[in-house]
*Asks:* 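Below is one structure. I have some questions about it.
Letters go in sequence order (proteins before strands), and every chain restarts at 1.
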Amino acid sequence: MRNTFAPAFIAAALFAATPVLAEEYVIDTSGAHASINFQIKHLGYSWLTGRFNTFSGEFSYDEKAPEAAKVSVTIDTTSLDSNHAERDKHVRSADFLDVAKYPEAKFVSTAYKPHGDGTATLEGEFTLHGVTKPMTIAVSEIGAGADPWGGYRRGFTGTTSFALADYGIDYNLGPASREVQLTLNVEGVRK
Amino acid sequence: MKLRNTPSDYGLVARAFHWVTALAVFGLFGLGLWMTSLTYYDSWYRLGPWWHKGIGITLFVLIVARLVWRRFSPPPAPIESHKPYERIAAHLVHGLLYLLLFAVMLSGYLISTADGRPIPYFDLFEIAALPWAIKDQEDIAGTILLWLASSLVGVAILHALAAIKHHFVDRDRTLSRMLGRSQNH
């Protein structure tokens with residue numbers, strides 16, 4: 001009896017000692033309920049879309065204190081996929097992402113500012129092509145709740161844009177194609 | 001002028017195959033390096049690869065035809081004055097050149113078909129992709145292509161330098177034979 005009682009007591013004591021425990025979520029990349037999509041104008045005449053197939057991340061979110069939310073995402077830049085092998089090869093080359101040298105991109109949040117209407121502003125540091133710069137992401141809180149398999153899920157969509165040149169990518173795609181838009185669909189499974 | 005090879009000389013067909021291959025190999029190597037350095041707004045940004053693929057596929061057909069012709073009309077005997085090690089070295093280099101040619105063309109094919117898209121042969125028809133591809137195939141095949149093509153050009157230069165050495169130093173018919181000069185020249 002004593003053997004099982006002691007660990008349980010310690011666990012209970014630890015819980016009691018941390019009254020506000022933010023809920024930790026793992027981004028569901030294994031079930032692919034998350035995606036990192038980009039779009040950039042082609043010549044100024046249309047949108048070219050693509051995505052990063054491999055990434056991982058976590059976030060914490062407490063409904064009672066959403067302003068304390070944190071998120072970090074690591075992207076495998078070699079997993080770029082725009083549904084065209086020759087273009088992907090070019091974008092991965094030293095002309096653009098130089099993935100041999102910079103195989104990872106990263107976003108780490110520094111602040112989360114809820115607007116109280118289901119939207120929020122997420123601030124953080126984005127590292128791409130070896131350059132780290134502040135980035136602001138407009139967030140929509142999509143939903144949260146129990147899933148049918150005994151888990152608990154929470155999801156967001158974020159959008160942002162940045163100039164390629166800000167990250168040292170200066171290949172000339174034309175005046176209409178200097179900015180990339182990012183759309184992040186994130187679903188986390190509570191740990 | 002004979003079309004077929006004789007025991008001592010190359011015929012017109014073998015010589016044509018040889019020089020067209022040489023021209024295509026060096027031309028495709030230069031075109032490949034140049035076209036991948038072009039900027040997006042260059043008028044050759046799309047045209048360069050279009051020619052590179054078309055000429056490459058033509059070269060593949062040419063090399064297959066060349067090997068068939070080689071069966072049908074075997075090359076002339078080695079020149080008498082060539083030492084045994086020179087004959088072996090020449091054989092090895094010729095074999096290596098054929099091997100590299102096929103490997104280079106295969107790796108080029110694997111870049112453009114990595115996403116399952118066919119390769120257009122000029123605007124005439126398309127070469128289908130394989131039904132499977134490996135991860136990052138276009139990048140891996142691209143790196144391999146550059147290395148193999150550089151090796152091919154390196155070995156071809158070695159092959160040419162050997163022929164020039166035979167012509168000017170050994171003063172034998174190695175190069176003259178491939179230029180189609182007859183024995184009594």
*Asks:* Please check: side-chain N/O of A/Y171 versus main-chain N/O of B/Y40, any donor-acceptor pairing under 3.5 Å?
*Replies:* yes
*Asks:* State yes or no: do B/L99 and B/M105 share one hydrophobic cluster built from I, L, V, M, F, W and Y residues joined by side-chain heavy-atom distances below 4.5 Å, directly or via other members?
*Replies:* no
*Asks:* Between atom CG of B/D42 and atom CG of A/N172, what is the distance when rounded to the nearest 0.5 Å?
*Replies:* 11.5 Å
*Asks:* Which pair of heavy atoms, one from A/R92 and one from B/D139, lies closest together, and at what distance?
*Replies:* NH2-OD2, 2.7 Å
*Asks:* Work out which heavy atom in B/Y41 is nearest to a heavy atom in A/G174; give both atom names and the distance.
*Replies:* OH-CA, 3.3 Å
*Asks:* Report the distance from atom CG of B/D115 to atom CG of A/D88, rounding to the nearest 0.5 Å.
*Replies:* 7.5 Å
*Asks:* Measuring from A/E86:CD to B/T113:OG1, what's the distance to the nearest 0.5 Å?
*Replies:* 9.0 Å
*Asks:* Is atom CD of B/E80 surrounded by more than 12 heavy atoms (other residues, nucleotides or ligands) closer than 6.0 Å?
*Replies:* no
*Asks:* Is the number of heavy atoms from other residues, nucleotides or ligands within 6.0 Å of CH2 (B/W51) greater than 12?
*Replies:* no
*Asks:* Got a second to check how far A/H84's NE2 is from B/E138's CD, nearest 0.5 Å?
*Replies:* 10.0 Å
*Asks:* Transitively linked via ILVMFWY side-chain contacts under 4.5 Å: B/I127 with B/L59?
*Replies:* yes
*Asks:* Tell me, out of A/L43, A/D95, A/T78, who's got the most heavy-atom pairs with chain B below 4.5 Å.
*Replies:* A/L43
*Asks:* In this structure, would B/L31 and B/I111 fall into the same cluster of hydrophobic residues linked by side-chain contacts under 4.5 Å?
*Replies:* yes
*Asks:* A quick test of your reading: do over 12 heavy atoms of other residues, nucleotides or ligands sit less than 6.0 Å from CZ of A/R87?
*Replies:* yes
*Asks:* Side-chain contact test, heavy atoms from C-beta onward, threshold under 4.5 Å: evaluate it for B/R117 versus A/N83 and give yes or no.
*Replies:* yes
*Asks:* So how far is it from A/N53 CG to B/K135 NZ, rounded to the nearest 0.5 Å?
*Replies:* 8.5 Å
*Asks:* Mark yes when over 12 heavy atoms from residues, nucleotides or ligands other than B/H18 sit less than 6.0 Å from its NE2; otherwise mark no.
*Replies:* yes
